[in-house]
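The structure appears right after this line, and notes come after that.
Values in this document were obtained by computation on a predicted structure and should not be read as measured data.
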Amino acid sequence: MDYRLEGVQGLPPTSSVRDAVFDAKAAVRFLVRHAASYGVDPDRIAAWGTSAGAIIAATMNSVPEEGHSGSSGYSSNVTASVGISGTLWPFLLAGGGDRREQAASTPWLDVHGDRDLLVPSFLAPMTYLFRRAWGAPAAANRLLWVPGGGHEPWTQPARPGEQEPRALMRPHIQAFLVQWLGLAGKSCPWHAGRQIRGGGLLH
């Protein structure tokens, strides 16, 4: 999906992040509206993004407004969110209790390099601690650090000769999504006759 994104250096204005969140919510509403046509389970939609996309994925369920895009009247809530170099955008949570509860109730997993300068690495534990303080259970509030990793530490090893971070992180992300999307024991759509097990692998 595409979304509005202002080309700014440093922290973008809250209004810009809100617009991008509205675009993501509109995309989810579209999928829910046309779920039967696309073979989508509207109760099992996860958001995944990197950098700005990860900020959107982390924040969208905590913004109660829907914006003015299409497919009004359909749900825009996602079941779980995964981000690479993302963070909850706290400036959109000024409304208090309800937003915090919604933010804490959506399972969130972030992969973050501890040397990320674009989305500064201190924002990752900030999100983790905010969500924990608001009541997010430990299993639904995950932070995977990449030691020596910069921004979007997914394919580039932090040190020569090491595995790509994605090879180490992917099984954890799969297990996270299987757990929170309730996929264990379901038939795999890409492997006929095989079921998804708890760790995200097939059996």
Side-chain angles (χ1 to χ4, degrees), residues 1-3 17-18 20-67 69-89 92-93 97-112 124 127-128 130-132 134-144 169-191 195-202:
M1 59 154 286
D2 201 0
Y3 52 85
V17 179
R18 183 182 289 110
V21 166
F22 285 164
D23 293 341
K25 289 163 78 76
V28 173
R29 291 196 307 272
F30 179 88
L31 285 175
V32 172
R33 179 180 181 181
H34 300 284
S37 299
Y38 289 109
V40 170
D41 183 340
D43 296 319
R44 290 189 173 94
I45 296 177
W48 174 300
T50 61
S51 191
I55 292 171
I56 295 166
T59 306
M60 56 190 296
N61 269 14
S62 64
V63 176
E65 300 86 8
E66 293 292 325
S69 296
S71 304
S72 62
Y74 292 87
S75 174
S76 65
N77 284 342
V78 295
T79 307
S81 299
V82 174
I84 312 296
S85 300
T87 179
L88 185 69
W89 203 249
L92 288 178
L93 301 180
D98 291 343
R99 296 185 184 194
R100 293 181 179 188
E101 289 175 11
Q102 189 68 28
S105 66
T106 305
W108 164 246
L109 183 151
D110 181 33
V111 176
H112 220 105
T127 295
Y128 174 84
F130 272 17
R131 287 171 43 82
R132 191 170 76 174
W134 296 338
N141 188 29
R142 305 293 304 277
L143 173 58
L144 304 181
M169 301 296 179
R170 187 177 283 126
H172 298 284
I173 295 171
Q174 287 176 331
F176 178 85
L177 289 173
V178 165
Q179 177 182 0
W180 293 108
L181 296 178
L183 296 176
K186 302 292 183 183
S187 297
C188 178
W190 296 282
H191 298 85
Q195 290 183 326
I196 301 171
R197 67 186 189 200
L201 305 176
L202 299 171

For the pair [X] (side chain) and [Y] (backbone), establish whether a donor and an acceptor sit closer than 3.5 Å, ignoring hydrogens and angles.
X    : Y    : answer
R44  : L181 : yes
S187 : Q195 : no
T59  : I56  : no
S81  : A57  : yes
K25  : A20  : no
T79  : D43  : yes
R33  : S72  : no

Side-chain heavy-atom pair [X], [Y] within 4.5 angstrom cut-off:
X    : Y    : result
F22  : S69  : no
L88  : W134 : yes
D110 : T87  : no

Quick one: [atom1] on [X] to [atom2] on [Y], what's the gap to the nearest 0.5 Å?
X    : Y    : atom1 : atom2 : value
L143 : W108 : CG    : CH2   : 9.5 Å
L31  : S75  : CG    : OG    : 11.5 Å
S105 : N61  : OG    : CG    : 7.0 Å
S62  : M60  : OG    : CE    : 10.0 Å
Q174 : R197 : CD    : CZ    : 10.5 Å
W180 : T106 : CH2   : OG1   : 10.5 Å

For the rings on H172 and F176, is their centre-to-centre separation under 6.0 Å? no
Considering non-hydrogen atoms only, spot the tightest contact between [X] and [Y] and give its length.
X    : Y    : answer
Y74  : V32  : CD2-CG1, 4.0 Å
L177 : L183 : O-CD1, 4.3 Å
R29  : S76  : CG-CB, 3.7 Å
A35  : P42  : CB-CD, 4.1 Å
A24  : M1   : CA-CE, 3.6 Å

Can you tell whether the side chains of R18 and E65 come within less than 4.0 Å, N to carboxylate O?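 Here R18 does not pair with E65 in a salt bridge, since their nearest N and O are not under 4.0 Å apart.
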Parallel, tilted or perpendicular: which one describes the rings of H34 and Y38, with boundaries at 30° and 60°?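 Ring orientation, 0 to 90° scale: perpendicular.
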Please lay out, stage by stage, how N77 and V28 fare under the test side-chain contact (heavy atoms from CB on, under 4.5 Å). CA-CA 7 Å; N77 284 342; V28 173; over 6 Å; no
Polar side chain donor-acceptor pair, N141 to R132, under 3.5 angstrom: no
Yes or no on side-chain contact (heavy atoms from CB on, under 4.5 Å) for L144 and H112, after CA distance, side-chain angles and deciding distance? CA-CA 6 Å; L144 304 181; H112 220 105; over 6 Å; no
